[in-house]
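To start, the structure itself, in structure tokens.
Just so it is clear: chains get the letters A, B, ... in the order the sequence lines come, proteins before strands, and each one is counted from 1. Computed from a predicted model, the values in this text were never measured in an experiment.
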Amino acid sequence: MSLGSSHATGTPPTPGADLPEHPDLLWRDTEPKRTYDVVIVGGGGHGLATAHYLAKNHGITDVAVLEKGWLAGGNMARNTTIIRSNYLWDESSGIYEHALKLWEGLEDDLGYPILFSQRGVLNLAHTLQDVRDSVRRVEANKLNGVDAEWLEPDEVRKVCPVVNTSTDIRYPVLGATYQPRAGIAKHDFVAWGFARRADEAGIDLVQDCEVTGFTTDGDRVTGVRTTRGAIGAGTVVLCAAGHTSVLTDMLGIRVPIQSHPLQALVSELLEPVHPTVVMSNAVHVYVSQAHKGELVMGAGVDSYNGYGQRGAFHVIERQMAAAVELFPVFARAHLLRTWGGIVDVSPDASPIVGRTPYENVYLNCGWGTGGFKATPGIGSALAHTIAHDEPHPLVAPFSLDRFVTGALVDEHGAAAVAH
Amino acid sequence: MQLIACPWCGPREEVEFHYGGQAHVPYPDSPAELSDEEWALYVFFRDNTKGRFAERWNHTTGCRRWFNAIRDTTTYRFESVYRLDDPKPPVTELARSRRSTAP
């Protein structure tokens, strides 16, 4: 735009007239109908993915996704986007590897760029016990068809030259597990891609619609009460992550999860220096570099229960100390932003998926600090579960009743990350 | 960092404390008679309240003693602290304007 020309003609320019047209909206902002076959509570990654696969794989499109805020504005907008499947136990590697395979074809499936970058993940070992656990996990991964290697410190240095592999630090790097197919994706694009596809299939994505109660008839839920009116439901699916307990309390169902703040942060934009994803349990931090150039970091949850979507600064401080110990080159990087989400942590650090005491209510929660990587996997498995009214084999081990039977999937420490 | 008022030591920084989860969860009276469901409820299931929550804290790097607190899990503000042998205060809707007990 030239100020000179508009001055010359005497017509003041319309502000923004030189800008391109607003792009097409990716989904309709719909009014809820009075009733749906399936009502999904929670318009985050898992809810949107479930909606997409209900339509795509099962032809079920009389579906509403109810979101109390804006679409994908909770943990889906707040995670550190790490995708991997190198979990120890068969049950976990089953669902996460299923997810990783779907990630590998997701851009085509959604017809939308998601910047999925398989740059590999290193899980560092700093103690003899770390080394033993890591080697064991690598062998378990191989048996489950998950790509995994054990790397000695000099090999770690080749994969990621900025990691401090000197021997004179407090927790020297004794090696690492490496999953080359792991990586990162652009979380917002993932959510938008799923939302667009679900919308195209005729599924209603209803924002600003908080569930305030349920109407029940014996062992069935007949509908939900919301801030946008009552909505009848054939089947109800709870995908509300950190707010699951608020919903299950309304239903009188007890679920063994605790909601904690989980913080993450980014640095200012930097030249590409960090080619992979590095996670460390002992020096607790995980770091990758986003496409735009920020270093993206996260660590463990704040210790206390919290629904505040923010945490305490001393947790960030410890995270930074860990990051600088592992990556001395980051010492002068500036912190740009920190934020928090609310994660629903279960007693065995594994998700809780499947049936509830109500015969038409399905539960999907307890993903704790690691739900993003599962997004397409749980979406497809949950859609299958709803369509067949029978838990998909990949989610069957994660039933609520495992806390009574004792068949836990204990991924504390075994999952390659502390929870 | 917020200050937490230890009932014995007074206000100290949050990093001196260790979180102990929900308070007032008594050990079962007759453990041998519990069903699997009842054991599961005692071992794994805790309230996950959004709002005022009665919970346990330990002053780990101070007097190393446990105490209870009422804290709002949405604002993280401590409403009150009390000793383990004190009765649970009535937990009602939190007055949003009330300040933390920590000075």
Side-chain angles (χ1 to χ4, degrees), chain A residues 68 210 240-250 252-261 263 300-318 321 340 342-350 352 357 365-366 368 399-408 410, chain B residues 1-6 12-25 28 34-61 66-79 81 91 93-94 96 100 102:
Chain A
K68 76 184 167 86
E210 180 172 359
H243 272 81
T244 299
S245 299
V246 176
L247 296 170
T248 52
D249 283 354
M250 294 172 192
I253 301 172
R254 293 204 78 188
V255 178
I257 54 173
Q258 299 279 287
S259 295
H260 287 269
Q263 302 187 73
V301 298
D302 282 39
S303 69
Y304 46 65
N305 288 22
Y307 282 88
Q309 289 190 319
R310 63 194 172 81
F313 194 73
H314 68 264
V315 177
I316 297 284
E317 206 173 0
R318 282 181 195 156
I342 314 167
V343 298
D344 40 336
V345 178
S346 72
D348 58 357
S350 285
I352 304 170
C365 67
S399 67
L400 180 57
D401 69 7
R402 75 176 184 271
F403 298 99
V404 175
T405 64
L408 304 183
D410 188 4
Chain B
M1 185 180 308
Q2 73 173 324
L3 296 175
I4 299 175
C6 171
R12 298 292 181 88
E13 289 190 340
E14 184 182 340
V15 285
E16 293 189 12
F17 295 85
H18 183 86
Y19 186 59
Q22 184 183 359
H24 309 289
V25 181
L34 257 51
S35 67
D36 287 353
E37 283 79 9
E38 288 164 332
W39 267 122
L41 284 172
Y42 172 69
V43 174
F44 293 121
F45 289 68
R46 293 290 179 273
D47 292 346
N48 190 22
T49 307
K50 182 178 184 181
R52 296 183 71 202
F53 190 41
E55 57 192 18
R56 305 189 307 164
W57 285 83
N58 186 286
H59 191 187
T60 325
T61 63
W66 287 95
F67 62 93
N68 289 341
I70 303 289
R71 190 179 58 95
D72 187 331
T73 59
T74 58
T75 63
Y76 308 158
R77 276 186 187 150
F78 282 76
E79 172 86 351
V81 293
V91 178
E93 190 54 39
L94 180 71
R96 293 284 168 197
S100 163

Side chain / backbone / both / neither for B:Phe17 at chain A, heavy atoms under 4.5 Å: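 For B:Phe17, there is no contact with chain A at all, as no heavy atom is under 4.5 Å.
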
Which portion of B:Thr49 sits near chain A, non-hydrogen atoms under 4.5 angstrom: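 Backbone only.
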
Can you tell which part of [X] gets under 4.5 Å to a heavy atom of chain B, answering side chain, backbone, both or neither?
X: A:Ile342; result: neither
X: A:Val315; result: neither
X: A:Arg402; result: neither
X: A:Ile316; result: neither

B:Tyr19 and B:Glu55: side chain donor to acceptor below 3.5 Å: yes

Set of side chain to side chain contact (heavy atoms under 4.5 Å, CB included) partners for B:Trp39, sequence neighbours left out: B:Tyr27, B:Pro28, B:Pro31, B:Leu34, B:Tyr42, B:Val43

Partner chain B: residue of A:Asp302, A:Asp348, A:Asn305, A:Thr405 with the largest heavy-atom pair count (under 4.5 Å): A:Asn305

Top contributor to chain B contacts, counting heavy-atom pairs under 4.5 Å, from A:Val246, A:Thr244, A:Val255, A:Asp344: A:Val255

Short N-O contact, A:Arg254 and B:Asp47, less than 4.0 angstrom: yes

Salt-bridge contact B:Glu79-B:Arg52 (side-chain N to carboxylate O under 4.0 Å): yes

Centroid-centroid under 6.0 Å between A:His260 and A:Tyr304 rings: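 No; A:Tyr304 has its ring centre 6.0 Å or more from that of A:His260.
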
A:Tyr307 and A:His243: CA distance, side-chain angles, deciding distance, ring pair (Phe, Tyr, Trp, His ring centres under 6.0 Å) verdict: CA-CA 8 Å; A:Tyr307 282 88; A:His243 272 81; 5.1 Å; yes

